[in-house]
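Structure, as structure tokens:
Atoms within each ligand, like the ligands themselves, are counted from 1 in listed order. Just so we're clear, the structure is a prediction, and the values are computed from it rather than from any experiment.
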Amino acid sequence: MYWKIDDKENIDTQIEQAATLLRQQEVVAFPTETVYGLGADATNSAAVEKIFLAKGRPSDNPLIVHVSSPHEVSKYVQSIPEPAKKLIAAFMPGPLTVILESNGVIAENVTAGLETVGVRIPDHPVARLLLEKAAIPLAAPSANRSGKPSPTNAVHVHHDLNGKIAGILDGGQTGVGLESTVVDCTGDIPMILRPGGVTREQLEAVVGKVMVDPALVQSKDKPKSPGMKYNHYEPDVPLWLIKGNANFFQKKINQLTEQGKKVGVMASGELAEQLKAPITHPCGSRQNLSEVAIQLYDTLRSFKQTEVDVILCEFFEEIGVGQAIMNRLQKAASRTIVDK
Ligand code: AMP
Ligand code: MG
């Protein structure tokens, strides 16, 4: 089924149909404020298995459970420590996932056998209505084939998963454009396991000190979030990150062009207008990294193998949401070239 949510009169019926499929243990893609999710009943392991199959996702990578209210969060965890309570009050609904001790109600394949579970409340009217009507918690990873950039519109979902899932709710373009921030709240001090839509600075304003998983900074450490060890977000052609000024960037374009390579450039509007390249896809302004976040995955997907051999991409400043942007780009990239 493909439901285009464009007519207010039909919304109730469309979402009711999607909710019915979910209650029948089918998988359905739906928009959230971060990226599109691929949902299934989080209490039913057979339904959850269909997510792993459709995505080609490794079974040791746990899924985030989506619920409709803070009260729902408490149904699936042993307890909610004080810092987690503050974070839930401040950022839910919103792009934040809290990791808490599971009480065992959520199916084992959702948590990949861990004692903990990740829970969030999406801030999107379609996702909220779907959760209310389905009246079940939804395990929902991003609705892309594993390893590919996450989907920020229904065309991306259709491209990756058509024929593999029971339905797609098309609610247009998503808002934040990047996934939620994953915060482990099982210790005394909350720890960011994956940077995302809520920044470290925003979290610290609410709970004081917040740690960052050392593996996010030093690549030799083993990440505490199983999913962070996999390659991710990869476009169809190799992506190289270029850290340097416009002159350095242009030199790299020229060198590769001389070697006979068709070069694509992915950069902010500010840098793009200083460069000469065969194909340039600007992705927002350096002055407004939220814009870059919104356009990031769509831009990664827009480079086609038939048109370019390599993508040279700007190295964005790692402040605010720039931390999440660079986390995704570093996972997507096969090389980083730095002007020393
Ligand atoms: P995705 O569903 O594709 O947005 O990815 C979910 C991310 O959350 C992955 O990086 C998972 O490893 C992480 N995650 C989910 N549940 C847990 C958990 N219980 N403990 C640690 N990380 C988790
Ligand atoms: Mg994902």
Side-chain angles (χ1 to χ4, degrees), residues 27 29-40 42 48 51-52 54-67 73 76-78 84 94-122 124 127 137-152 156-157 160-161 174 176-187 190-198 211-216 221-234 293 296-297 300-301 324 327-328 330-332:
V27 291
F30 60 95
T32 81
E33 83 284 23
T34 58
V35 301
Y36 273 73
L38 184 60
V48 170
I51 294 181
F52 284 95
K55 280 184 60 92
R57 180 165 170 124
S59 60
D60 69 346
N61 188 1
L63 309 178
I64 292 167
V65 176
H66 292 60
V67 299
V73 176
Y76 307 110
V77 300
Q78 291 194 12
L96 176 75
T97 296
V98 290
I99 306 287
L100 296 164
E101 308 280 352
S102 168
N103 66 4
V105 174
I106 295 298
E108 212 171 311
N109 51 354
V110 172
T111 60
L114 297 173
E115 309 270 289
T116 55
V117 60
V119 193
R120 90 172 191 100
I121 305 175
H124 189 288
L138 295 179
S142 49
N144 50 285
R145 282 290 289 174
S146 213
K148 290 285 145 201
S150 301
T152 51
H156 300 159
V157 180
D160 279 17
L161 299 177
T174 60
V176 179
L178 295 177
E179 298 82 350
S180 60
T181 305
V182 176
V183 179
D184 183 351
C185 295
T186 59
M191 183 189 279
I192 297 175
L193 305 188
R194 175 179 75 179
V198 179
M211 296 189 296
V212 175
D213 182 359
L216 291 179
D221 292 316
K222 185 168 178 273
K224 293 188 174 49
S225 172
M228 296 302 283
K229 68 176 180 281
Y230 291 107
N231 281 353
H232 255 328
Y233 322 111
E234 285 177 351
L296 191 78
Y297 292 136
L300 283 174
R301 282 176 178 262
N327 168 269
R328 307 305 190 270
Q330 265 156 347
K331 288 195 170 298

Kindly give the heavy-atom pair with the smallest separation between Ala29 and Leu38, and that separation in Å. N-CD1, 4.0 Å
In this structure, atom 13 (C) of ligand 1 is nearest to the protein heavy atom Ser225 OG, 3.2 Å
Considering both backbone and side-chain atoms of Arg194, is one of its nitrogen or oxygen atoms within less than 3.5 Å of a nitrogen or oxygen in ligand 1? yes
Fit a plane to each ring of Tyr233 and Tyr297, take the angle between them on a 0 to 90° scale, and name the class: parallel (under 30°), tilted (30 to 60°) or perpendicular (over 60°). parallel
Pull out every atom of ligand 1 sitting under 4.0 Å from any heavy atom of Arg57, numbered as shown with elements. 1 (P), 2 (O), 3 (O), 5 (O), 6 (C)
Who gets closest to atom 17 (C) of ligand 1 by heavy atom: Thr97, Asp60, Val110, Ile99? Ile99
Could an N or O of ligand 1 be found under 3.5 Å from any N or O of Thr116, whether backbone or side chain? yes
Has the side chain of Arg194 got a donor or acceptor atom that lies under 3.5 Å from a matching backbone atom of Val183? no
If I compare all heavy atoms of Ile64 with all of Ser180, which pair ends up nearest, and what's the gap? CD1-OG, 3.9 Å
Under 4.0 Å from a heavy atom of Ser142: give me the atoms of ligand 1 that qualify, with their elements. 2 (O), 3 (O)
Smallest heavy-atom separation, Gly197 atom then Thr181 atom, equals N-OG1, 3.3 Å
Looking only at N/O atoms, are Lys55 and ligand 1 under 3.5 Å apart anywhere? no
Separation of Asp60 CG from Leu114 CG (nearest 0.5 Å): 9.0 Å
With heavy atoms of Asn61 as the reference, note each atom of ligand 1 found under 4.0 Å away. 9 (C), 11 (C), 12 (O)
Nearest protein heavy atom to atom 2 (O) of ligand 1, by residue and atom, and its distance? Pro141 CA, 3.1 Å
For Leu193, counting its heavy atoms only, list the atoms of ligand 1 lying under 4.0 Å from any of them. 21 (C)
Just to be sure I'm reading this right: ignoring hydrogens, which of Ala143, Ser180, Ser150, Pro62 gets closest to atom 14 (N) of ligand 1? Compare them by their nearest heavy atoms. Pro62
Okay, side chain of Arg57, backbone of Ile51: is any donor-acceptor separation there less than 3.5 Å? no
Look at ligand 1 and say whether Leu114 reaches it with a heavy atom at a distance under 4.0 Å. yes
Does Thr174 use its side chain to pair, donor to acceptor, with the backbone of Thr34 at less than 3.5 Å? yes
At a threshold of 2.8 Å, where the distance has to be below it, does the Mg ion (ligand 2) have an N, O or S atom of Ser150 nearby? no
Does the distance from a Lys or Arg side-chain N to an Asp or Glu carboxylate O, for Glu179 and Arg120, drop under 4.0 Å? no
